[in-house]
Amino acid sequence: YLPAALTMIRRGAARDLLELRSRFGCSDSEFATLVRQGSGPGGPIAHGMSVIAIMLGALGTFVDPTLSGGARPSLAAPDFVWAVARMMLLSWLLARFAIDDISKTRAFMRMGRHEIEVDLLDVRSLAPLARRGQRSALGWVLFSTIVSLFWLGDSASDANLPLLVGVLSLATFAFAGPLLALHRNIIDVKRSELDRLRSEIRDAQSEVDATIDSPRLANVAAYYQLVESAREWPIDAASVLKFLGYLLLGLGSWLGGALVERVLDSALG
């Protein structure tokens, strides 16, 4: 699941950025760099942390007998060697998925805050920047649903609650992080534009007598009201409800797993 989810999230992020190409005031080479940062493979730091995760997975198998299923900690024991190889692979895949997701979320936050050019009259068109967060959150929730089967184990279920909190926190960060950064960008642009329009209104008022209608004053005042009422979020309530539905799906799978475990315990005495 993890390699497939990582590939789908990366491809979706690349499509989202291409859809927003006109909002990036940069050259094609600079934009290609942004796409690589937001959807490409990780850099040296990500690879180094993945190697560390592999070593920690192997070390954990030697330290924690539950990870090896009680096998004798010896490289001469085939079942223990299998447990070590399995944990090394799982640790690498999970670390690769988590590190990539966190780094890409931070890249989208930076782009939403500093790289995107905001059009206050068309804020909704920036929704693709938040779409990547929804896709990533769904990836974490589906992973959570798969891992919820560990409720059916004995010692494996001891770490369920911390793992659930961690997964849902990462899903929330992936969705809310870029959205909040883009929101701050929109607020800054909106405040700057409103300040400029206030200055124009004062200039227009000083040019004409208060009893004379001024087309310029009327136009600027109308545009001021339009900008003031502009949206400050690129998504609507339906998108937020969809994200909350993802979280409830992940939480429900864990609660269902806990319920099944209790039923089995009761049925098997």
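As the structure is a computational prediction, the values presented were derived from the model and not from experiment. Counting begins at 1 with the first residue of the sequence.
Here the closest non-hydrogen pair linking G38 and A13 is O-CB, 3.7 Å. Pairing each heavy atom of Y1 with each of G139, the nearest pair is OH-O, 2.6 Å. Closest approach of F143 and L2 over heavy atoms only: CD1-CD2, 3.8 Å. S136 and I9 make their closest contact through CA-CD1, 3.9 Å (heavy atoms, listed as atom of the first residue, atom of the second, distance). Smallest separation of non-hydrogen atoms from A137 and A171: CB-O, 3.6 Å.
By the side chain to side chain contact (heavy atoms under 4.5 Å, CB included) test, D236 pairs with R124, R231, A238, S239, sequence neighbours left out.
Pairs engaging residues 47-61 under the salt bridge (Lys or Arg N to Asp or Glu O under 4.0 Å) rule: none recorded [sequence neighbours left out]. The salt bridge (Lys or Arg N to Asp or Glu O under 4.0 Å) analysis of residues 110-119, with sequence neighbours excluded, yields the pairs R113-D188.
Here the CE-CG distance, from M88 to L93, works out to 12.0 Å after rounding to the nearest 0.5 Å. Rounding to the nearest 0.5 angstrom, the gap separating the CG atom in N185 from the NE2 atom in H114 is 8.5 Å. Remark: E30 CD to F24 CZ distance equals 12.0 Å, nearest 0.5 Å. Atom-to-atom distance recorded for L120:CG and E228:CD is 12.0 Å, nearest 0.5 angstrom. Atom-to-atom distance recorded for L17:CG and L129:CG is 7.5 Å, nearest 0.5 angstrom. To the nearest 0.5 angstrom, Y223 atom OH is 9.0 Å from L194 atom CG.
Within 6.0 Å of CZ on R106 lie no more than 12 heavy atoms contributed by other residues, nucleotides or ligands. Atom CZ of R196 sits in a crowded spot, with more than 12 heavy atoms from other residues, nucleotides or ligands closer than 6.0 Å. The neighbour count for L241 CG, taken as heavy atoms of other residues, nucleotides or ligands under 6.0 Å away, is above 12.
Looking only at side-chain heavy atoms (C-beta outward), L179 and F108 stay at 4.5 Å or farther from each other. The shortest distance between side-chain heavy atoms of W82 and M87 does not fall below 4.5 Å. Contact of the F80 side chain with the T61 side chain is registered, since non-hydrogen atoms from C-beta on lie closer than 4.5 Å. By the 4.5 Å heavy-atom criterion applied to side chains, S91 and L56 are not counted as neighbours. Considering only heavy atoms from C-beta on, L34 comes within 4.5 Å of Q37 through its side chain. For the pair R96/L6, a side-chain contact is recorded, criterion being any heavy-atom separation below 4.5 Å from C-beta on.
A side-chain N or O of S125 and one of D122 form a donor-acceptor pair less than 3.5 Å apart.
Checked by atom type and distance alone, the side chain of K190 never pairs as donor or acceptor with a backbone atom of S229 at under 3.5 Å. Remark: the backbone N or O of D100 is paired with a side-chain donor or acceptor of S103 at under 3.5 angstrom. Between the side chain of Y224 and the backbone N or O of N219, no donor-acceptor pair lies under 3.5 Å. At least one donor-acceptor pair under 3.5 Å links the side chain of T145 to the backbone N or O of V141.
Note on R132 versus D16: no salt bridge recorded, every NZ/NE/NH1/NH2 to OD/OE distance being 4.0 Å or above. Here E19 does not pair with R15 in a salt bridge; the nearest charged N to carboxylate O distance is not below 4.0 Å.
Connection of W233 to F175 is established within a shared hydrophobic cluster, with ILVMFWY side chains joined at heavy-atom distances below 4.5 Å, either directly or through further cluster members. The same ILVMFWY cluster, assembled from side-chain heavy atoms under 4.5 Å apart, contains both L226 and V118. Residues L121 and L126 share a single hydrophobic cluster, defined by chaining ILVMFWY side chains whose heavy atoms lie under 4.5 Å apart. Under the 4.5 Å side-chain contact rule for hydrophobic residues, V51 and I99 do not share a cluster. Both M109 and I102 belong to a common hydrophobic cluster when Ile, Leu, Val, Met, Phe, Trp and Tyr are linked at side-chain heavy-atom distances under 4.5 angstrom.
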Q | Residue pair L59, V63: steps toward the side chain to side chain contact (heavy atoms under 4.5 Å, CB included) verdict | A | CA-CA 6 Å; L59 179 62; V63 174; 4.1 Å; yes
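Aromatic ring pairs are classed by plane angle as parallel below 30°, tilted from 30° to 60° and perpendicular above 60°; the pair F97 and W140 is perpendicular.
Relative to the six-membered ring of F31, R21 meets both conditions, a distance below 6.0 Å and an angle of at most 45° to the axis.
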